[in-house]
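Structure first, then comments.
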Amino acid sequence: MWRDIVLVAGKDLRVEWRSRVTFSQVVPFAGLVLVLFGFALDANRPVLERATSGLFWITIMFVTTLAVQRSTSIETTDGARRALLLAGIEPMAVFAGKAAAVAVQLLAVELVLIGGIVVLYGAEIDAPLLVVATCLAATVGIAAAGTLLGALVAGVRARETVLPILLLPVLAPVLIGATRAFDDALGSVAVDGWAWLAMLAGFGVINLVLGALSYGVLLEET
Amino acid sequence: MTTPVRSEAPAHTGSTTTRLLGVAVIVGLVALVLLGFFGAPADDEQADAVRLIFVHVPSAFLTYAAFTVTAVGSVMWLWKRSLWWDLVAHGSAEIGVVFCSLTLFTGSVWGRPTWNTYWDWGDVRLVTTLILLLLMVGYLAVRSMGGDDSAVATRSAIVALIAAVNLPIVNRSVEWWFDRTLHQKSSLTDGNLEDLTLFTMLLGVVVWSLFYVWAMIHRFRVGWLERELRFGDLDVAIAQRRAEARASGDGGGR
């Protein structure tokens, strides 16, 4: 099981590494969104500092839709989905592997974006450990829900537009929780950021279980 | 050469039961309008705005009831693979979206004179209900993407389950986010309502519920007929191709 997860995750990450889509397109896109938020908020430093956490996680939500669409399209082209089924790998392992690959890519983007908010928005990281824990907990939930919904719209027309409609409302708790935790870590609002981690972890676990249970049905029947 | 005869499909979705339900809904609505506008007294604090609860509370009740039916229908589809349950889930979601929109609309109209704003981000139930509407609009979007009936049913059933499982987390996160709510406590339990106001509100719930059952029966039958039509057309097309093959003499007997 673990070997299969690593195999699937390794496959997706290798495809990404060779195509360089994450680094040549997704990371610049994320940076561009940060700059555009700066324009939209009139480069008003106090407003930007106050809104940094929310803007950071909104950007990650946008990036997630791109990452999930990429992850899904790897399997839909050339009938790779069928091949994956025929390979005899447990659907649960396929789900976990694909979610892990999306999570690694998101974490890489988050790392770059943290540099972005420090430079562009003047954010000061008061609690680095809370930042790391929030990124890890939120990313697990985002990757799990994203991978499940990505598989759900795979192979149907108009999936590019349907995926955000499905995914973004589901990710609302992550946006709220991660933003609050970052508010604490960046010292912009006096809240207990650690208290939000439990909610983020709960969201992650629930969506991991949901994905592991239903991914097989989706893979075989849709 | 004979053209296959399609089984006789009903020309409409009505029946004695739906007609009786329809009459009950109309009578109930007339009673609700009369009681709502002329019978129930204006509130000391909210004045005439209180009359909106005769629509708002029943709509909110039916929203959650309808989406619960969708979630149950989705689980049953995944378990039993019965078309019946898929049609129930689909029909209930469509009607639920209408009730949910009505809940948000009447809530906003009521909020303007009462809270002095159409929308307040500090209200947990308001925000949760909006997220629920967005989730169910996504559900209907998945249903409209087309494809094999069974695949559409499975896909949408999983979307409904994701929505049902995540909704309590949305609610809890919004609650923690603000740690306060403007929304008044349950109108039924706070004990401040006049007897006639309470009666009118409960009448609203009964009338809306009857309307839901009436609309569900019709929607279910429409969904059933749609599928009959699709499969019926396919049967006719296959029979015609076979007949053509027999007539040309190269496909007979196969």
Side-chain angles (χ1 to χ4, degrees), chain A residues 54 138 141 144-149 151-181 183 189 191-192 195-196 198-211 213-222, chain B residues 67 71 74-75 77-81 86 93 97 100 121-122 124 126-179:
Chain A
T147 305
L148 175 59
L149 288 167
L152 204 130
V153 298
V156 296
R157 59 177 198 274
R159 62 175 174 272
E160 293 83 2
T161 43
V162 173
L163 181 66
I165 295 176
L166 289 175
L167 184 58
L168 296 178
V170 170
L171 293 183
V174 179
L175 181 64
I176 294 172
T179 300
R180 292 274 97 170
D183 278 341
V189 179
V191 287
D192 182 10
W196 283 95
M199 196 277 289
L200 290 174
F203 180 90
V205 169
I206 286 170
N207 283 281
L208 273 176
V209 171
L210 209 56
L213 292 178
S214 49
Y215 201 78
V217 180
L218 276 178
L219 214 54
E220 283 165 20
E221 291 186 31
T222 62
Chain B
F67 290 148
S74 301
V75 171
W77 159 260
L78 290 172
W79 184 21
K80 300 279 186 190
R81 301 287 158 170
D86 180 51
V97 164
C100 195
W121 285 98
V124 178
L126 202 62
V127 179
T128 309
T129 306
L130 179 61
I131 299 273
L132 175 64
L133 178 66
L134 294 172
L135 286 167
M136 294 320 288
V137 167
Y139 172 89
L140 293 181
V142 168
R143 292 218 74 114
S144 68
M145 287 193 305
D148 169 46
D149 278 357
S150 171
V152 171
T154 302
R155 239 184 250 131
S156 38
I158 292 176
V159 172
L161 285 186
I162 293 171
V165 168
N166 280 294
L167 197 67
I169 312 177
V170 172
N171 185 281
R172 188 46 59 93
S173 62
V174 176
E175 202 173 303
W176 285 350
W177 184 25
F178 292 106
D179 202 23

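Below, chain A is the first sequence line, B the second, and so on; all start at residue 1.
- Heavy atoms of A/Leu167 lying under 4.5 Å from chain B are absent altogether.
- One distance of note links CG of A/Leu210 with CD1 of B/Ile162; it measures 5.5 Å at 0.5 Å rounding.
- Summarising the geometry of A/Pro169 relative to B/Leu134, their closest heavy-atom pair is CG-CB, 4.0 Å, with the distance given to 0.1 Å.
- A/Val162 touches chain B through its side chain: at least one heavy atom from C-beta onward sits under 4.5 Å away, while N, CA, C and O do not.
- Interatomic distance, CG of A/Leu168 versus CD1 of B/Ile131, reported as 10.0 Å (0.5 Å rounding).
- Considering all non-hydrogen atoms of both residues, A/Ile165 and B/Gly138 come closest at CG2-CA, 3.7 Å.
- Closest of all the heavy-atom pairs between A/Ser214 and B/Ile158 is CB-CD1, 3.8 Å.
- When heavy atoms are compared at a cutoff of 4.5 Å, B/Ser144 approaches chain A solely by way of its backbone atoms N, CA, C and O.
- Put simply, CE on B/Met145 and CG on A/Leu152 are 7.0 Å apart, with the number rounded to the nearest 0.5 Å.
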